[in-house]
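One structure is given here, and the rest of the page talks about it.
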Amino acid sequence: MGMNLVFFDIECASVNKNSAKICAFGYVVCDENFNIIKKEDILVNPKGRFHLTDRKGDKGIVLPYSYDEFKKHPPFTSVYPFIKSLLEDENNIVLGHSIMNDIKYLNLETKRFKLPSFRLSFSDSQLLYMCHVNDFSRQFGLEHIAGALGVDFVPHRAADDAYATMRIVEAMCREKGCGYKQLAALYGVTDGRIKNYNIIAPTSSGVKQYHKKINEEKLKRAAKRTAFFNFVSRRKCKKNGGFYGKIFTFSREIEENTELAKTLIVKIYENGGRYSQHVSQSDYYVTDGEDGSQRTQNALKRENLTVTDTVGLEEMLNGAAR
């Protein structure tokens, strides 16, 4: 007997750190060849007010039902047994898009109504797509992927989100000429799990390699900045220099360019200046372009702070030394 695939999506009336009031559970059940067995939107009375935002919590979304419609339906406690049996069925492979959000919503609702924890394994179509395009640097939204693959659906109708999720997984399988299990194995995907209200996220070999690389780069940058600050700490400024009493700060990119940064520090201290990593203390901020960092953004907002690049700084320092 073959396995079935269950794709699901959840919409909430409101979400915050400690609660997620589910108002819709949409799902699609299909066989391993992506033939649909059942597609359904289960509406739920959220037992609370509607306060709709996007995943970042700052932009309103529109559900394709009136708020009053949800109140005509039973609460989560009534639909919980069916959802639990569907997702925990050993014959079902469970998937969703950015599924950790939906698993957390289920977890919060079970806690809210003092229900037993869900216990299942699950995977994520977003993770599969990141593996598929070998890009782990950003999150890919369902609408973005569906658009790229020519899949039409109604945003935020839970069953249609689940259907679109199924279609993008089907498209990846078709491209690779394999079924879901083979696709997951190809990308080294490890299922996520929920048990006793504890959640472990799904992952993949590509994600692990990406994060390992990112962490190694962070350590290298940190080592460069440490070497730079050690160098700065040993400098003494000349009291008769043209920039005596003035404080300079570099962008992180310049700090990490150790040889350039050291050369500039020598000239700054020879001209009586000093260095600080705190923009709030500085008279001069040095950056070779808007790097988008918080430090540079803070510098650009400050009044009475001279912003220059490394070429401009060297011209200033060379002029003061004459």
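Just so it is clear, the structure is predicted and the values come from calculations on it, not from any experiment. When a residue number appears, it is its place in the shown sequence, counting from 1.
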Heavy-atom side-chain proximity of Lys176 to Gln182 below 4.5 angstrom: no

Establish whether Ile103 and Ile200 are linked, either directly or via other cluster members, by ILVMFWY side-chain heavy-atom contacts under 4.5 Å. no

With heavy-atom distances below 4.5 Å as the criterion, would you say the side chains of Cys30 and Tyr163 are in contact? no

Between Phe25 and Ile37, is there shared hydrophobic-cluster membership here, with clusters defined by ILVMFWY side-chain heavy atoms closer than 4.5 Å? yes

Donor-acceptor contacts, no H, no angles, side chain residues 209-220, under 3.5 Å, sequence neighbours left out:
| unit_1 | atom_1 | unit_2 | atom_2 | d |
| --- | --- | --- | --- | --- |
| Asn215 | ND2 | His211 | O | 3.1 |

Ignoring hydrogens and angles, tell me if any N or O in the side chain of Glu11 forms a donor-acceptor pair with the backbone of Cys23 under 3.5 Å. no

Between Tyr285, Phe250, Phe243, Phe231, which is the residue that forms a ring pair (Phe, Tyr, Trp, His ring centres under 6.0 Å) with Tyr275? Phe250

Using a 3.5 Å distance criterion without hydrogens, assess whether the side chain of Asp41 forms a donor-acceptor pair with backbone atoms of Arg157. no

Got a second to check how far Asn198's CG is from Arg193's CZ, nearest 0.5 Å? 10.5 Å

Flag the pair Ser123 / Ile93 as yes when at least one side-chain heavy-atom distance between them is below 4.5 Å, and no otherwise. no

Any heavy-atom pair between the side chains of Arg252 and Arg221 that's under 4.5 Å? no

Distance-only, no hydrogens or angles: does the Gln281 side chain make a donor-acceptor pair with backbone N or O of Ser276 under 3.5 Å? no

Examine distances only and state if a side-chain atom of Asp288 and a backbone atom of Thr310 form a donor-acceptor pair shorter than 3.5 Å. yes

How close do Ser282 and Leu305 get, counting heavy atoms only, and between which atoms? O-CD1, 3.4 Å

If I take atom OH from residue Tyr27 and atom CD from residue Glu40, how far apart are they, to the nearest 0.5 angstrom? 3.5 Å

Please name the pair of heavy atoms, one in Phe76 and one in Val44, separated by the smallest distance, quoted to 0.1 Å. N-CG1, 3.5 Å

Is a side-chain N or O of Asn271 found less than 3.5 angstrom from the main chain of Gly273, in a donor-acceptor match? no

Tell me, with the steps shown, if His278 and Thr249 meet side-chain contact (heavy atoms from CB on, under 4.5 Å). CA-CA 7 Å; His278 301 293; Thr249 300; 6.0 Å; no

Taking every non-hydrogen atom, the tightest pair across Thr296 and Ser251: OG1-CB, 4.1 Å

Give a yes or no on this: more than 12 heavy atoms of other residues, nucleotides or ligands lie within 6.0 Å of atom NZ of Lys246. no

Assess whether a salt bridge exists between Glu256 and Arg225, defined as any Lys/Arg side-chain N lying under 4.0 Å from an Asp/Glu carboxylate O. yes

Between the NE2 atom in His97 and the CE atom in Met166, the distance rounded to the nearest 0.5 Å is 15.0 Å

So do the side chains of Lys21 and Lys47 get within less than 4.5 Å of each other, counting heavy atoms only? no

How about Leu127 and Ser204: do any of their side-chain heavy atoms sit closer than 4.5 Å? yes

Distance-only, no hydrogens or angles: does the Arg302 side chain make a donor-acceptor pair with backbone N or O of Val279 under 3.5 Å? yes

Step through the shown structure and confirm whether more than 12 heavy atoms of other residues, nucleotides or ligands are within 6.0 Å of NZ on Lys39. yes

For residues 128-141, run the donor-acceptor check on the side chains, cut-off 3.5 Å, and write out each pair with its distance to 0.1 Å, sequence neighbours left out.
| unit_1 | atom_1 | unit_2 | atom_2 | d |
| --- | --- | --- | --- | --- |
| His132 | ND1 | Tyr187 | OH | 2.6 |
| His132 | NE2 | Glu175 | OE1 | 3.4 |
| His132 | NE2 | Glu175 | OE2 | 3.3 |
| Asp135 | OD1 | Ser137 | N | 3.0 |
| Asp135 | OD1 | Ser137 | OG | 2.6 |

Residue pair Tyr284 / Leu313, side-chain heavy-atom distance below 4.5 Å: no

Quick check: does any side chain N or O of Asp283 sit under 3.5 Å from a backbone N or O of Ile247, one acting as donor and the other as acceptor? yes

Between Phe8 and Ile10, the two heavy atoms sitting closest are CE1-CD1, 3.8 Å

Which heavy-atom pair separates Phe122 from Pro202 by the least distance, and what is that distance? CE1-CD, 3.6 Å

The test is salt bridge (Lys or Arg N to Asp or Glu O under 4.0 Å); show your working for Glu170 and Arg167 and say whether it passes. CA-CA 5 Å; Glu170 179 187 18; Arg167 288 302 180 206; 2.5 Å; yes

d(Glu32 CD, Met3 CE) to nearest 0.5 Å is 7.5 Å

Common cluster, Leu108/Ile194, ILVMFWY with side-chain heavy-atom separation under 4.5 Å: no

So if you build clusters from Ile, Leu, Val, Met, Phe, Trp, Tyr with side-chain heavy-atom gaps below 4.5 Å, do Val94 and Phe82 land together? yes

Applying side chain to side chain donor-acceptor pair (under 3.5 Å) to Asn298 and Gln294, what does each step give before you reach the verdict? CA-CA 6 Å; Asn298 291 343; Gln294 191 61 52; 3.0 Å; yes

Atom OG1 in Thr165, atom CG in Leu5: separation rounded to 0.5 Å? 12.0 Å

Applying side chain to side chain donor-acceptor pair (under 3.5 Å) to Asn16 and Ser19, what does each step give before you reach the verdict? CA-CA 5 Å; Asn16 60 47; Ser19 75; 3.2 Å; yes

Would you say CZ of Arg295 has more than 12 non-hydrogen atoms from neighbouring residues, nucleotides or ligands within 6.0 angstrom? yes

Do Leu106 and Ile22 have side-chain heavy atoms sitting under 4.5 Å apart? yes

Within the side chain of Asn35, is there an N or O that forms a donor-acceptor pair under 3.5 Å with the backbone of Asp31? no

Under 3.5 Å, is there a donor-acceptor pair between the side chain of Asp89 and the main chain of Ser85? no

Please give me the minimum heavy-atom distance between Arg274 and Ile268, naming the atom from each residue. N-CG2, 3.9 Å

Sub-6.0 Å ring centroid separation between Tyr269 and Phe248: no

How far does NE2 of His73 sit from OG of Ser78, to the nearest 0.5 angstrom? 12.0 Å

Could you see if Ile36 belongs to whatever hydrophobic cluster contains Val169? Use Ile, Leu, Val, Met, Phe, Trp, Tyr and a side-chain cutoff under 4.5 Å. yes

